[in-house]
Amino acid sequence: MIRRFAPIAALAVAGCMTAPLPPPTIASATATGAFASLPTAAIGPVPNDWWRLYDDPALDRLVQASLAANADLRVAYANLDGARAALRQARAARLPQTTIESAGTIDNSATQPSASSNVPTTDYDLALTASWDIDLFGRLRSGALAAGADADAQAAALDSLRVAVVADTVLAYVDLCGATRAANVSGEIIAVQERSVGVVRNQLAAGEVSPLEVSQAASLLESTRATLAPFGAARANALYRIATLQGRPPAEARGFNIVCNAPPKLRAAVPVGDGQALLLRRPDIREAERRLAAAAARIGVARADLYPRVNLGGAVGLLTGGFVATASPLISWAFPNQAPARARLEQARATERAALAGWDVAVLRALREVETALAAYDGEVRRNRALDAARVQSALYARRAAARVRLGDTAFLIQFDAERARAQAALAQAQSDLTVAQSQVALFRALGGGWQTNGPTG
């Protein structure tokens with residue numbers, strides 16, 4: 001049975017609820033419980049600076065540089081400033097509005113047919129006007145609440161972007177390290193195979209083997225050499241991504257001196273927390289909740305249009321002829337034709353229903369992403385362990401095959417197959433090491449880590 005789920009306490013980080021909201025329709029027991037129990041993960045709080053779990057100073061510097069200069073973050077900061085200015089405007093609209101006006105005119109009496117004198121006259125006017133919408137039915141108050149929720153939603157969007165910038169930076173570094181590691185492994189294999197080709201060619205000169213064996217060894221060597229170019233391209237791609245994440249042209253990446261020979265590894269099991277902690281920390285969930293709050297507040301704005309508006313106005317002025325003071329209360333009411341106002345009210349209610357569904361979507365998406373990332377990470381870790389065992393066995397296979405060939409106990413084809421198996425196993429494990437690190441980044445990103453790393457969001 002589906003129960004109404006109100007994670008108000010979990011979302012308190014987003015600010016106090018400014019209007020009563022219908023809660024998302026998510027089953028609370030499954031939405032806030034523990035994630036899948038896996039040996040590769042630990043139930044514990046996710047640190048905001050999760051990348052420091054790798055204990056890699058170079059990575060720390062890259063992340064801080066990205067947070068300080070990322071171009072997308074600058075756009076988000078500007079959008080947040082605009083939303084906060086709109087909030088200040090909405091709050092100021094609830095206060096009396098005042099205006100000072102002045103004017104001066106010169107009348108040339110010579111142009112008047114009945115003028116008795118040709119001396120021009122000058123008139124001076126100075127007035128202070130004030131008006132106040134007393135907001136009997138909460139139109140301005142609801143508008144201010146909506147503007148405040150919009151500003152909170154924009155702050156949450158900024159936090160979401162921080163999560164993305166941190167994760168993209170760490171992922172680019174991981175890819176850089178993984179490509180370097182794979183290139184080094186290929187280089188080591190190529191060196192071994194080059195020696196093998198030299199031995200076979202010496203055997204050919206001595207008449208111990210045929211040209212077929214030489215071609216087999218040379219073919220394997222060139223196939224392994226062909227793997228180097230993609231690793232170089234992957235390394236360059238990672239450097240270009242790092243540069244642009246720091247708000248710099250990609251060409252500057254050619255001058256980077258980032259030393260990294262293997263993907264970073266965590267010191268301990270990945271801390272993942274539980275569903276309740278996820279709802280508190282995921283910025284997109286907080287953004288969806290604030291969008292819902294704004295939609296609910298705008299229902300109040302639309303509802304107030306069904307009732308009269310009362311505006312108190314007045315003016316005091318110093319004119320050429322003396323002092324003048326006026327007061328003029330104004331009442332306006334769209335009646336009896338209220339069809340437009342009722343249509344706007346229904347639009348606001350429909351927007352609220354859509355925002356409520358959007359909140360449900362955000363919660364479900366967050367839970368799915370975490371569970372999926374956990375499963376992918378756990379599966380790759382187990383695969384990595386098996387590949388490591390395969391690499392050890394393939395190296396042993398290659399040594400034994402080479403020894404038997406030297407003794408003349410078996411055909412060279414066995415050694416060729418053993419060398420190919422060793423190369424494939426070594427490269428497969430290097431790629432799996434990279435995939436493990438990439439899966440960790442995806443998991444931390446799904447957990448919403450890294451959004452409280454660059455100062456307050458207001």
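Along the sequence shown, the residues carry numbers beginning at 1.
Ring geometry for F444 versus Y54: interplanar angle over 60°, hence perpendicular rather than tilted (30 to 60°).
Partners of D175 according to the side chain to side chain donor-acceptor pair (under 3.5 Å) rule, which considers only residues two or more places apart in sequence or in another chain, are R241, Q438.
Separation of atoms CZ (R281) and CG (D159) is listed at 11.0 Å; rounding is to 0.5 Å.
Contact check for F231 versus L427: side-chain heavy atoms found under the 4.5 Å cut-off. R162 places a side-chain heavy atom less than 4.5 Å from the side chain of L73. Contact check for F35 versus E371: side-chain heavy atoms found under the 4.5 Å cut-off. Looking at N311 and I134, their side chains never come closer than 4.5 Å, going by heavy atoms from C-beta outward.
For the residue pair D56 and Y173, a side-chain donor N or O sits within less than 3.5 Å of a side-chain acceptor on the partner.
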Take R342 and E346, measure what salt bridge (charged side-chain N to carboxylate O under 4.0 Å, His left out) needs, and give me the verdict at the end.
CA-CA 6 Å; R342 294 190 180 279; E346 183 54 36; over 6 Å; no
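A salt bridge is absent between R309 and D135; no separation between the charged side-chain nitrogens and carboxylate oxygens falls under 4.0 Å. The pair R298-D150 counts as a salt bridge, with a side-chain nitrogen and a carboxylate oxygen less than 4.0 angstrom apart.
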Taking distance alone, no hydrogens or angles, what donor-acceptor pairs closer than 3.5 Å link side-chain atoms of residues 377-390 to residues at least two apart or in another chain?
from, atom 1, to, atom 2, distance (Å)
Y377, OH, Q440, NE2, 3.1
D378, OD1, T40, OG1, 3.3
D378, OD2, R382, NE, 3.0
D378, OD2, R382, NH2, 3.3
E380, OE2, R383, NH1, 2.8
E380, OE2, S432, OG, 2.7
N384, ND2, S432, OG, 3.0
N384, ND2, D433, OD1, 2.6
D388, OD1, R391, NE, 3.4
D388, OD1, R391, NH2, 2.8
D388, OD1, Q429, NE2, 3.2

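Side-chain atoms of Q246 do not come within 3.5 Å of backbone N or O of Q64 as any donor-acceptor pair.
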